[in-house]
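Read the structure below first, then the notes.
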Amino acid sequence: MNPSLIQPSRESIQITFPVFKSYSKGQSIYKQDQHSEGFYLIKKGIVKLQKTLPNGLQTILKIVGEGEIIGEGEVDSTFPRQNLSYAIAIQDGTLIQKVGSFANLSFQEQKSLNQKLIDRALESAQRHERLISCDAEQRIRAVLKELAVKLGKKYGDETLLKINLTHEDFALLSDSSRQTVTKTLSNLKQKGIINYSRNRILFRDLANFKLS
């Protein structure tokens with residue numbers, strides 16, 4: 001089966017730890033290369049995982065929303081982990097719940113968290129597959145559809161995606177260029193497939209949104 005056709009589980013995860021913190025747009029939840037303090041559950045809002053590469057360039061690894069897990073795991077004093085990216089809130093009122101030690105979770109919570117981590121690895125593999133098998137426009141379309149499915153709100157046949165991402169952000173997320181993102185969005189708008197304005201993309205019929 002083609003891994004790109006596999007949809008990650010959307011099973012909800014209920015974490016009972018009471019450590020919550022609210023973040024405003026642009027505020028860092030954690031920073032790259034700092035020691036990891038565990039996992040974090042997004043209770044509300046949207047977060048951008050952004051990585052600075054060894055050559056100084058930046059990429060966006062993923063956009064994550066409500067119910068998703070971020071972070072590199074619990075700190076081990078013998079083998080401490082470092083954060084692999086910056087986690088930045090891109091929506092005011094983003095609410096994060098810090099998850100304590102994995103061992104302190106119930107069996108069902110451990111099972112749910114394990115599934116979330118499997119989904120995260122699968123999504124990384126899907127992105128790599130797109131990079132080697134799809135052209136830039138197909139990658140941009142795939143990213144748009146994934147975000148709309150995950151974060152969009154349906155209004156009849158239409159789906160509205162409200163997200164604070166620039167064309168440059170979409171380019172980093174789809175491993176393409178800002179110019180190609182702008183061209184792709186303009187073409188989709190001209191064909192009546194989407195309509196968009198600042199921070200809003202309206203999909204006319206997401207179910208029939210094609211990647212090529």
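As a basis for the values below, the full set of heavy atoms in this structure was taken, side chains included, without hydrogen atoms, waters or symmetry mates.
Between Gln58 and Gln50 there is a side-chain heavy-atom pair separated by less than 4.5 Å. Ile201 is listed as a side-chain neighbour of Phe170, based on a closest heavy-atom distance under 4.5 Å. Within the 4.5 Å cutoff, no side-chain heavy atoms of Glu66 are placed close to those of Lys43.
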N/O donor-acceptor pairs under 3.5 Å from side chains in residues 186-198, not counting sequence neighbours:
| from | atom 1 | to | atom 2 | distance (Å) |
| --- | --- | --- | --- | --- |
| Ser186 | OG | Thr182 | O | 2.9 |
| Asn187 | ND2 | Lys183 | O | 3.4 |

What pairs of donor and acceptor atoms, side-chain ones from residues 156-165 against any protein atom, are under 3.5 angstrom apart with sequence neighbours left out?
| from | atom 1 | to | atom 2 | distance (Å) |
| --- | --- | --- | --- | --- |
| Glu158 | OE2 | Arg204 | NH1 | 2.8 |
| Asn164 | OD1 | Asn199 | ND2 | 2.9 |
| Asn164 | ND2 | Ile90 | O | 2.8 |

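A chain of hydrophobic side-chain contacts below 4.5 Å, direct or via other Ile, Leu, Val, Met, Phe, Trp or Tyr residues, connects Val99 to Leu117. In the hydrophobic clustering of this structure, Ile96 groups with Leu61; members are Ile, Leu, Val, Met, Phe, Trp, Tyr whose side-chain heavy atoms approach within less than 4.5 Å, directly or through other members. Taking hydrophobic clusters as Ile, Leu, Val, Met, Phe, Trp and Tyr residues chained together by side-chain heavy-atom distances below 4.5 Å, Leu202 does not share a cluster with Phe209.
Once rounded to the nearest 0.5 Å, the distance linking CG of Asp119 with OG of Ser124 reads 12.5 Å.
For the salt bridge (charged side-chain N to carboxylate O under 4.0 Å, His left out) with Glu68, the qualifying choice from Lys62, Lys44, Lys116 is Lys62, the only one to do so.
Between Glu123 and Arg127 no salt bridge is recorded (no basic side-chain N to carboxylate O distance below 4.0 Å). Taking the charged nitrogens against the carboxylate oxygens, Asp175 and Arg139 have no contact shorter than 4.0 Å, which rules out a salt bridge.
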